[in-house]
**Student:** 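Have a look at the structure that comes next, please.
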Protein chains: 2
Amino acid sequence: MPTSKDVAALAGVSQSTVSYVMTGKRPISEKTRLRVEAAIEQLTYRPNAGARALASRKSQVIGLVIPITPEVHLGSIMEFVAVIAATARRFDHDVLLVTDQEGNQGLERVVGQQLCDGLILMQVQADDERIPVVRKLGVPVVFIGIPNDSTGLNCIDADFARAGELCVEEMAGAGHTNGVIIGWRPRLVGSRLNYVDRFLGGANAAAERLGVSLEHLPATSDRRSIEAAVDSCIAASQGMPAFVSPDVTVLELLPRILHEKGLEPGRDASVIGVGPVPDTMLALEETTILDIQPSLVSQHAVELLLRLMTADHPDAGGTLELIPPLVTHRHGTAGHSVPAPQSAS
Amino acid sequence: MPTSKDVAALAGVSQSTVSYVMTGKRPISEKTRLRVEAAIEQLTYRPNAGARALASRKSQVIGLVIPITPEVHLGSIMEFVAVIAATARRFDHDVLLVTDQEGNQGLERVVGQQLCDGLILMQVQADDERIPVVRKLGVPVVFIGIPNDSTGLNCIDADFARAGELCVEEMAGAGHTNGVIIGWRPRLVGSRLNYVDRFLGGANAAAERLGVSLEHLPATSDRRSIEAAVDSCIAASQGMPAFVSPDVTVLELLPRILHEKGLEPGRDASVIGVGPVPDTMLALEETTILDIQPSLVSQHAVELLLRLMTADHPDAGGTLELIPPLVTHRHGTAGHSVPAPQSAS
DNA sequence: TTGAAAGCGCTACCAC
DNA sequence: GTGGTAGCGCTTTCAA
């Protein structure tokens, strides 16, 4: 492996000049810059990450803390992970994976070892126990999700309140006077993942404003519980029922259940899916999809973190950024597959 | 941040002694070891990763190259990723995420920068273009997947040939004389991802051996194409049809389609799902599941890589390890949800 | 516009 | 069983 010393020798300059060519931290004459660049090319020189981190006190790595609890949909997480990794690379950084099963120890470890210059935490809970640790961690941290007390923290998430609102507006616009939100296992509601509450809050406010009656039926991911919710919705509804679900597992099963009940979306019912929408959902033709744009959230999270990492001052005051959902109406003839809305990656 | 110098001072020993206490690379008297450990504890000392990597030429990091192409199921990938990260930690290593969109450049980069001591490559293709680069990379590499020419490479994967065999044996055991394998989009067959061919090969061999007629119907993930395959199977079958699918997206839609056709698994048809099985599949009661055990594959991949990384000699000859699938029969009454088989994590 | 040289914090050799 | 010390390869002052 060639070192910057080798490059310097080949280019006939000092080692520091090589360094400055690489970092651009001081002006270099065109002539020597070209010579150095040629030498770098010729030797396929790559700066040693450890040495660089040691000398500069910057690892160019961001730590990504992923949830591995069974209650979160793996595909949705992966969507975040992939975009975060790709975005980090666009800004010349790498991503170190930390699982949340390491807990607070893990955060302290990667920061203490100076393996990374900043952290992104996914699946942040309403009363996340990592918050006190994060506050005195000494590196910038970006949360994906909004805890109850977000003062001084940097949080970014999809705007679930707005999504709830939009769902109800869609329903009302389609002429419904009542509807049901199906999904999220009961113990999530009103507790740990507060995007659930934000969504319901937005939906209920809009329902009140628009004079629509709205109910929330929690459901686990098994068929029986979803079916029960659907039945109860049909029973309660005068006129065409409207189903809203922000839960991937529910959306996976909903098409089959509706079909069993003889309900055809667009004719006998309205269906609105929120969030990462599974393939089975896309098999339904007449639907409205509220894309919460995970990839946009991820990109912004990375960019925010990088901004904080390069800021001279420690971040004052914190940030709160909400990404608005993207509404897509899908119409189609049976069997004709409309591609899912693609957010920029 | 305290350094090992601080620890040494506090414990009244030399810096090298601290290092040896941490690494265990030479015997230390009980007495001084305890003093040093106390000092480490008291200062919450953590070795600087960059400095350690620089001096020891070992980063304690393994690079994980993930596919981000749209044709692979994100949830399945995430299952590997999570287990790999967790397993790496068990052996005191971390995981650096590399996306395959960086291509060969990415491999050369992370190795060149000495960001990691070894690599795991996921979603390895039959004729993977990364192979020539890997061969002269200078660090151990473990493939998840088996390329056509695996000589000298270290490969590990689920035993798809055996899975195919088992599927047919299941069918035959249930009294079927014919069946259909539904899934994998056409362009994957016979081409890039050769686990497809391994599966079909095993299945066909068993079919011939057992006198079962077997057909493979490729399908894209849209409803129309899966429905067509199902119809064609029903038409061709004398007696009860058997459906086998190793494709997550197909398995997601299959329950609904079967129901539309009035087919009840266990009564009118047999259904065998292979691989990571989605929630919708679990809604079917009478099924056989062939778990390809992604988490076991992941664990073994990490352990193999670590073995190669600590080996003094560069790995001679390569490795080929196949993880046998786990067969689970599910019986149940409608609405009663049997938990999915959990591989050890 | 460039160079020399002093570290960054750790490991591992050599000496005792 | 322990300590001294020379680097690992880079960045970054200070000096020219």
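Throughout, protein chains are lettered first and strands after them, A, B, ... in sequence-line order, and every chain is numbered starting at 1.
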**Student:** Which nucleotide wins on minimum distance to the side chain of B:A55, given the candidates D:dG4, D:dG7, D:dC10?
**Tutor:** D:dG7
**Student:** Identify whether any heavy atom of A:S19 sits under 4.0 Å from a base atom; if not, whether one sits that close to sugar-phosphate; answer base, sugar-phosphate or nothing.
**Tutor:** base
**Student:** Kindly compute the distance separating CD1 (A:I144) from CD (A:Q123), expressed to the nearest 0.5 Å.
**Tutor:** 10.0 Å
**Student:** Hey, which of these two, B:G50 or B:Y20, hits DNA chain C nearer its 5' end, going by closest nucleotide?
**Tutor:** B:G50
**Student:** Reading DNA chain C from 5' onward, which residue's closest nucleotide shows up sooner: A:V13 or B:P2?
**Tutor:** A:V13
**Student:** On the side chain of B:Y45, is there an atom forming a donor-acceptor pair with the base of C:dC10 - under 3.5 Å, no angle test?
**Tutor:** no
**Student:** Kindly compute the distance separating CZ (B:R52) from CD (B:Q60), expressed to the nearest 0.5 Å.
**Tutor:** 5.5 Å
**Student:** What heavy-atom pair brings A:I156 and A:V297 nearest, and what distance separates the two atoms?
**Tutor:** CD1-O, 3.9 Å
**Student:** According to a strict under-4.0 Å criterion, is A:T3 in side-chain N/O contact with OP1 or OP2 of D:dG9?
**Tutor:** no
**Student:** How many angstroms lie between CZ in A:R26 and CD1 in A:I28, if you round to the nearest 0.5 Å?
**Tutor:** 6.0 Å
**Student:** For D:dT11, does the base pair up with any side-chain atom of A:R57 as donor and acceptor (N or O, under 3.5 Å, distance only)?
**Tutor:** no
**Student:** Under 4.0 Å, counting only non-hydrogen atoms across every strand here, what does A:V18 touch: a base, just sugar-phosphate, or nothing?
**Tutor:** nothing
**Student:** Kindly say if B:S56 contacts the phosphate of D:dC8, meaning a side-chain N or O under 4.0 Å from OP1 or OP2.
**Tutor:** no
**Student:** Return no unless some side-chain N or O of B:T17 is found under 4.0 Å from OP1 or OP2 of D:dG3.
**Tutor:** yes
**Student:** Can you see which heavy atom on A:V18 is nearest to which on A:S4, and at what distance?
**Tutor:** CG2-O, 3.9 Å
**Student:** Quickly work out the B:L115 CG to D:dG9 C1' distance and round it to whole Å.
**Tutor:** 14 Å
**Student:** With DNA chain D as reference, determine whether A:R46 or B:P27 sits nearer its 5' end, using the nearest nucleotide of each.
**Tutor:** B:P27
**Student:** Find the distance between CD1 (B:I131) and CG (B:L137) and round it off to the nearest 0.5 Å.
**Tutor:** 13.0 Å
**Student:** Taking N and O atoms by type only, does the side chain of A:R26 place a donor or acceptor under 3.5 Å from a partner on the base of C:dT1?
**Tutor:** no
**Student:** Counting side-chain heavy atoms from CB outward, which of D:dT2, C:dG3, D:dT11 is closest to B:I28?
**Tutor:** D:dT2
**Student:** Between the base of D:dG3 and the side chain of B:S16, is one N or O donor paired with an acceptor at under 3.5 angstrom?
**Tutor:** yes
**Student:** Between B:K25 and C:dT11, does any side-chain N or O lie under 4.0 Å from OP1 or OP2?
**Tutor:** no
**Student:** Look at B:S4 and C:dC10 and indicate whether a side-chain polar atom (N or O) is within less than 4.0 Å of OP1 or OP2.
**Tutor:** yes
**Student:** Closest approach to the side chain of A:S29, judged atom by atom: which nucleotide of D:dG9, C:dC10, C:dT1 is it?
**Tutor:** C:dT1
**Student:** Can you give me the bend angle of the helix from C:dT1-D:dA16 to C:dC16-D:dG1? Use the axis through the first five pairs and the one through the last five, nearest 10 degrees.
**Tutor:** 30°
**Student:** Under the criterion side-chain contact (heavy atoms from CB on, under 4.5 Å), I'd like the reasoning laid out for B:M22 against B:I40: C-alpha separation, chi angles, the key distance, then a yes or no.
**Tutor:** CA-CA 10 Å; B:M22 303 245 23; B:I40 288 173; 4.0 Å; yes
**Student:** For the pair A:S14 and A:T17, evaluate side chain to side chain donor-acceptor pair (under 3.5 Å) and give the outcome as yes or no after the intermediate values.
**Tutor:** CA-CA 5 Å; A:S14 79; A:T17 299; 3.3 Å; yes
